[in-house]
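Structure, as structure tokens:
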There are 2 protein chains.
Amino acid sequence: MIGEALAKHLCRVGELTREDRQAVLGVKGEVRPVRRHEDIVKTGSSPTFSVLLLRGFLQRYGSRRDGSRQIHSFYIAGDAPSLESIHLDRMDSSICAIVSSEVALIPHGELLALFAQRPAVEALVWRSSLSQSSLFREWLTRNSRLPADGAMAHLFCEMYVRSKAAGLVDQNSCDMPLTQEMLADALGLTGVHVNRTLQSLRETGLVDHKAGRLYVHDLRKLANFGDFDPQYLHLRNGQAAVFS
Amino acid sequence: MIGEALAKHLCRVGELTREDRQAVLGVKGEVRPVRRHEDIVKTGSSPTFSVLLLRGFLQRYGSRRDGSRQIHSFYIAGDAPSLESIHLDRMDSSICAIVSSEVALIPHGELLALFAQRPAVEALVWRSSLSQSSLFREWLTRNSRLPADGAMAHLFCEMYVRSKAAGLVDQNSCDMPLTQEMLADALGLTGVHVNRTLQSLRETGLVDHKAGRLYVHDLRKLANFGDFDPQYLHLRNGQAAVFS
DNA sequence: CGGACAGTTGAACTAGCTCAACCATAGTGG
DNA sequence: CCACTATGGTTGAGCTAGTTCAACTGTCCG
């Protein structure tokens, strides 16, 4: 069951041969329900497992001395948020559930054993961590260079395209159970300004976010507005399929 | 010679056993001089080698449609800037020389062969790429959350601490051959504002940057001012030694 | 001597922040 | 069933950090 979810994750990242797939399916791990707002791994800790999100919505964030937060990424079902704990001794950010979720905890030992047997699987997991790294760079650029409305459009595009790639888009909408305060923590803005920016985006008719759901009415125009190019997501199928 | 540089890099990242070290020393690769402003790898390309910086100063950057740039990271001697090209098909940012430099190009084939023989070396290289990922997250937080003077102090702390860990600090100063325009491209500010911010930092007496060199007069106070905590650099010796 | 590049300064402008209300909704306990 | 509270969204008004534009200075180099 967990093995299957991991195999699905790796297929999203790259090619998985039949034999590698078989080996991955053998992964055991442990399923754990997580309550809303509960931390799964905390800054400074040294987890002995990696996390795979089965159902729900997570965020990675860091807290600063002055109480402000910066969200580093959001995670949807099928994502593997804390791969880095395999080789880094201490977490430098926390990962928590935004809504009630279900995660698989896979002991590092089990992963390392799998890697020893199946180098191609190790390569895929590494690749997954590298594409996350690419995502952090894009967030850096987005928050540093784009004005509030552009940055928000960019984030909406990202979540929509990632959701689509994960098969989580229904019609023209997907789950995005965030408060405006959380959007602010991701975009480096204040809650008040997110509110006003969201209203102005709404008025364009390209996109909307309400009741924890994201509605994208014109992805192409939205992407253009937010200077969004899905290249950095390193999706397997390429972006051609994405702008459907 | 290249093997030696790689071994040194890996020692900075983690433990290297005698046998692993021996294997690493066997790495060949090719030394290449790079002129000022020359790109080593370009966005969209698929390099067949990874890069190790032997001498000089590099930057990773992305260009946007409107002509603005975001710098994602700076690299000093001993750094391995483009590890991700091993497993990602296309570069999503470019790496170029800021001053005339010398790099080692190590073919992916050679690295993969080494990994197959020495899994612990693979783990170290992976670890190196993970600590870079951590650095991108910190830059995201810095540019999104800190005011201009704090962000600049934070960047100065980072470069100083990394230089110190690499043995490149002389007295209380290290090379940082950047123009104010480049500082602006890193911090998400304009050149004009970087100029004024730098002046105000100068007046505090904590730090100075002139003629391509960084002078740190009080690291502890500067770190406090820029809310800098070296944890995210994942240095082997820990930060205790760092704040000397 | 001239031209390119980097740093510096001034003045006007604006995107986004701050503070302080107020409103809507949903859950909770009596 | 209603009052109470907590949470999240909305609005207004004044403020400020950082931008923009445009000029000027210094320095290196051919």
Side-chain angles (χ1 to χ4, degrees), chain A residues 35-37 57 59 64 66-71 96-100 142-155 175-203 207-215 225-226, chain B residues 35-37 57 59 64 66-71 97-100 142-155 175-203 208-215 225-226:
Chain A
R35 285 185 311 277
R36 198 168 109 96
H37 297 163
F57 213 90
Q59 68 181 169
R64 322 208 97 252
D66 67 359
S68 69
R69 301 178 146 219
Q70 176 64 44
I71 294 174
C96 77
I98 290 177
V99 295
S100 154
R142 182 195 69 203
N143 284 11
S144 301
R145 293 276 155 230
L146 294 186
D149 51 3
M152 191 178 287
H154 189 285
L155 175 59
D175 272 329
M176 194 175 175
L178 306 178
T179 64
Q180 295 183 357
E181 203 61 49
M182 285 168 176
L183 281 174
D185 286 345
L187 296 168
L189 303 168
T190 59
V192 171
H193 199 238
V194 160
N195 182 290
R196 298 198 234 258
T197 304
L198 189 50
Q199 287 179 48
S200 91
L201 277 188
R202 215 170 257 152
E203 277 165 20
V207 69
D208 200 358
H209 179 265
K210 59 186 174 195
R213 238 181 130 70
L214 174 67
Y215 299 83
F225 183 77
Chain B
R35 287 185 309 277
R36 198 169 108 94
H37 296 163
F57 212 92
Q59 67 183 166
R64 325 209 95 252
D66 66 1
S68 68
R69 299 177 147 221
Q70 176 63 44
I71 294 175
I98 290 176
V99 295
S100 154
R142 182 195 69 204
N143 284 11
S144 302
R145 293 277 155 229
L146 293 187
D149 50 3
M152 190 177 288
H154 189 286
L155 174 59
D175 271 330
M176 195 176 174
L178 307 178
T179 64
Q180 295 183 357
E181 204 59 51
M182 286 167 175
L183 280 174
D185 285 345
L187 295 169
L189 303 168
T190 59
V192 170
H193 199 236
V194 160
N195 183 290
R196 298 198 233 259
T197 304
L198 189 50
Q199 288 179 49
S200 91
L201 277 188
R202 215 170 258 152
E203 278 166 20
D208 200 359
H209 179 265
K210 59 187 173 196
R213 233 179 136 72
L214 175 67
Y215 299 83
F225 183 78

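The chains referred to below are lettered A, B, ... by the order of the sequence lines, with proteins before strands, and numbering in each begins at 1.
- Proximity of a side-chain donor or acceptor of Thr197(A) to a complementary backbone N or O of His193(A) within less than 3.5 Å is detected.
- Rounded to whole Å, the distance from CD on Gln180(A) to C1' on dT7(D) is 12 Å.
- Here Thr190(B) does not reach the OP1 or OP2 of dG18(D): none of its side-chain N or O atoms lies under 4.0 Å away.
- Between Leu189(B) atom CG and dT16(D) atom P the separation is 20 Å, expressed in whole Å.
- The interatomic distance linking Leu178(A) (CG) with dG8(D) (C1') rounds to 13 Å, in whole Å.
- Distance NE2 (His37(A)) to P (dT7(D)): 9 Å, rounded to an integer number of Å.
- Salt-bridge check for Lys210(B) with Asp208(B): passed, with a basic side-chain N closer than 4.0 Å to an acidic carboxylate O.
- Atom pair His209(A):NE2 and dG9(D):C1' shows a separation of 12 Å (rounding to whole Å applied).
- In this structure, Arg145(A) contributes its side chain and Asp185(B) its backbone to a donor-acceptor pair below 3.5 Å.
- One finds no side-chain N or O of Thr179(A) lying less than 4.0 angstrom from the OP1 or OP2 phosphate oxygen of dG8(D).
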Inset, instruction - Just do the side chain to side chain contact (heavy atoms under 4.5 Å, CB included) check on Thr179(A) and Met182(A) with the steps written out, would you? - result: CA-CA 5 Å; Thr179(A) 64; Met182(A) 285 168 176; 3.4 Å; yes

Can you pull every protein N or O that's under 3.5 Å from an N or O on nucleotides 23-29 of chain C?
none

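- Near DNA chain C, meaning a heavy atom under 4.0 Å away, there are no residues from residues 143-153 of chain B.
- Under a 3.5 Å cut-off, the side chain of Gln70(A) and the backbone N or O of Ala186(A) do form a donor-acceptor pair.
- Spacing between atom NZ of Lys210(B) and atom P of dG26(D) amounts to 18 Å, rounded to whole angstrom units.
- Judged purely by atom type and a 3.5 angstrom limit, Asp66(A) uses its side chain to pair as donor or acceptor with the backbone of Ser68(A).
- Taken residue by residue, residues 191-203 of chain B places heavy atoms nearer than 4.0 Å to DNA chain D at Val192(B), His193(B), Arg196(B).
- Note: Gln199(A) CD to Arg202(A) CZ = 6.5 Å, rounded to the nearest 0.5 Å.
- Nearest heavy-atom pair, Ala184(B) versus Gly191(B), reported as atom, atom and distance to 0.1 Å: CB-N, 3.6 Å.
- Here the shortest heavy-atom pairing between Arg36(A) and Ile98(A) reads CG-O, 3.3 Å.
- At a threshold of 4.0 angstrom between heavy atoms, the contacts of Gly212(B) with the nucleic acid are absent.
- His154(B) contributes no side-chain N or O that, together with a main-chain N or O of Leu146(B), makes up a donor-acceptor pair within less than 3.5 Å.
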Inset, instruction - Evaluate the side chain to side chain contact (heavy atoms under 4.5 Å, CB included) criterion for residues Val194(B) and His209(B): first the C-alpha distance (whole Å), next the side-chain angles of each, then the deciding distance (0.1 Å), finally the verdict. - result: CA-CA 11 Å; Val194(B) 160; His209(B) 179 265; over 6 Å; no

